[in-house]
Amino acid sequence: MGWLSRFLAAVAFLAIGVIFSPETFGSNSIVQLPTCLKLAHLLSFSTAFGAALWVTFIGGIIMFKNLPRHQFGNLQSKMFHAYFWLVSVCCAISVASFGYLHPWKSASTAEKYQLGFLLSSLSFNLANLFVFTPMTIEMMRQRHKVEREQNIGNEVGWSKNQEVAKVNPKLAAMNKKFGMIHGFSSLANIMSFGSLAIHSWYLAGKLNP
């Protein structure tokens, strides 16, 4: 099944849910702006949170433990671009919809904090998308080139890099720079996920018992 078929199937199920929801049958109009914005916020937030959870704590670890290291790095370089775009767009929709539903002048202190957390998540993802990830990928490619010259990088899991770096100053310098840039990228990703996690707690508090 292609991506278009999957998308249309998801839209069809969403339409069925809207049509048969109890709230629909007591209203004069199915299409109500506040409800649509709440739905946009919920779907975009849950997509961002789910993607961040999977990529950060599950998918990346599984790939690391089962793919040759260079193959793993190349795959990550392709996936991260799509991942940060997806989460950034979803965070932007969440910020816009939440901000519209809770105007700053009339918003409570808690709502203002939540808008701040959503903006923080968006900012961290944009920093990763446009700054840290491109730098990390470029440094990774340079390091892969040096590692291929040393016949390493095809191992699965933990690298032989550190052993070779002890006698190769160029590789050691690359490791240090790569580690610093990758560290900033990872920190930004964790901070983004943390901001989304805080918002999930806020949303949970809004559910009726």
Side-chain angles (χ1 to χ4, degrees), residues 1 3-4 6-18 21 23 33-65 72 75-104 107-134 136-137 182-209:
M1 181 183 292
W3 71 267
L4 180 59
R6 296 177 186 179
F7 176 76
L8 292 176
V11 171
F13 277 108
L14 176 61
I16 293 172
V18 171
S21 63
E23 292 79 7
L33 181 59
T35 301
C36 291
L37 289 175
K38 290 177 182 179
L39 178 63
H41 177 71
L42 181 61
L43 291 179
S44 58
F45 165 76
S46 59
T47 299
F49 185 80
L53 177 66
W54 174 263
V55 171
T56 304
F57 299 105
I58 303 174
I61 295 175
I62 293 174
M63 288 187 291
F64 176 77
K65 290 184 176 181
F72 164 74
L75 178 59
Q76 290 281 79
S77 69
K78 302 296 183 183
M79 185 182 70
F80 276 167
H81 184 75
Y83 162 63
F84 288 124
W85 261 117
L86 172 66
V87 178
S88 294
V89 169
C90 287
C91 285
I93 295 173
S94 293
V95 168
S97 55
F98 191 85
Y100 187 92
L101 291 167
H102 305 89
W104 186 261
S108 66
T109 301
E111 290 166 348
K112 291 179 179 179
Y113 273 120
Q114 292 306 313
L115 184 60
F117 286 126
L118 290 173
L119 283 169
S120 295
S121 183
L122 174 60
S123 299
F124 285 125
N125 275 286
L126 290 176
N128 249 328
L129 179 62
F130 294 113
V131 182
F132 298 130
T133 295
T136 302
I137 292 173
H182 187 264
F184 282 127
S185 178
S186 298
L187 178 62
N189 186 53
I190 290 295
M191 294 298 289
S192 172
F193 179 80
S195 298
L196 293 174
I198 292 173
H199 190 62
S200 71
W201 183 264
Y202 167 82
L203 293 179
K206 295 298 180 180
L207 295 175
N208 292 325

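Note that the coordinates shown come from a computational prediction; the quantities given were computed from them, not determined experimentally.
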When rounded to the nearest 0.5 angstrom, what distance separates [atom1] in [X] from [atom2] in [Y]?
X    : Y    : atom1 : atom2 : value
K112 : T109 : NZ    : OG1   : 6.0 Å
I137 : F132 : CD1   : CZ    : 14.0 Å
H182 : Q76  : NE2   : CD    : 7.5 Å

Taking all non-hydrogen atoms of both residues into account, name the closest pair between [X] and [Y] and its distance.
X    : Y    : result
S94  : L118 : O-CD1, 4.0 Å
C91  : N125 : SG-ND2, 4.3 Å
L43  : T47  : O-OG1, 2.7 Å
Y100 : L37  : CD2-CD1, 3.0 Å
A188 : F124 : O-CB, 3.4 Å

[X]: partners by side chain to side chain donor-acceptor pair (under 3.5 Å), with sequence neighbours left out:
X    : value
W85  : H81
S195 : none
N128 : S185

| request: Could you tell me how the ring of H199 sits relative to the ring of Y202: parallel (under 30°), tilted (30 to 60°) or perpendicular (over 60°)? | output: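 Judged by the thresholds at 30° and 60°, the geometry between H199 and Y202 is parallel.
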| Relative to each other, are the rings of F64 and F72 parallel, tilted or perpendicular (30° and 60° limits)? |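 Geometry flag for F72 against F64: perpendicular rings.
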| query | So, N189 and Y83: side-chain donor and acceptor under 3.5 Å apart, yes or no? | reply |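 Their side chains do contain a donor-acceptor pair, which is all the 3.5 Å distance test asks for.
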| Stepwise, does the side-chain contact (heavy atoms from CB on, under 4.5 Å) test hold for S108 with Y113? | CA-CA 9 Å; S108 66; Y113 273 120; over 6 Å; no
| task | Under the side-chain contact (heavy atoms from CB on, under 4.5 Å) rule, what do E111 and L115 come out as? Steps first, then yes or no, please. | result | CA-CA 6 Å; E111 290 166 348; L115 184 60; over 6 Å; no
| said: Using ring-ring contact (aromatic ring centres under 6.0 Å, His included), reason through F57 and F193 one step at a time and then give a plain yes or no. | reply: CA-CA 11 Å; F57 299 105; F193 179 80; 5.2 Å; yes
Side chain [X], main chain [Y], donor-acceptor under 3.5 Å:
X    : Y    : value
T133 : L129 : no
T56  : L53  : no
H102 : A107 : no

| query | Can you find a heavy atom in the side chain of T136 that is under 4.5 Å from one in the side chain of F80? | reply |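 With C-beta onward as the side chain, the pair stays apart.
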| query | Given side chains that start at C-beta, do those of I198 and Q114 come closer than 4.5 Å, heavy atoms only? | reply |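 The answer is yes, as the side chains (C-beta and beyond) meet within the 4.5 Å cut-off.
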| Check: F98 ring centroid to H41 ring centroid under 6.0 Å |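 Yes, close enough.
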| field | M63, CE: over 12 other non-hydrogen atoms inside 6.0 angstrom | value |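 Counting other residues, nucleotides and ligands, CE of M63 exceeds 12 neighbours.
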| said: If we check side chain to side chain donor-acceptor pair (under 3.5 Å) with S192, which of these qualifies: S88, S120, S121? | reply: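 So the option named by the test is S121.
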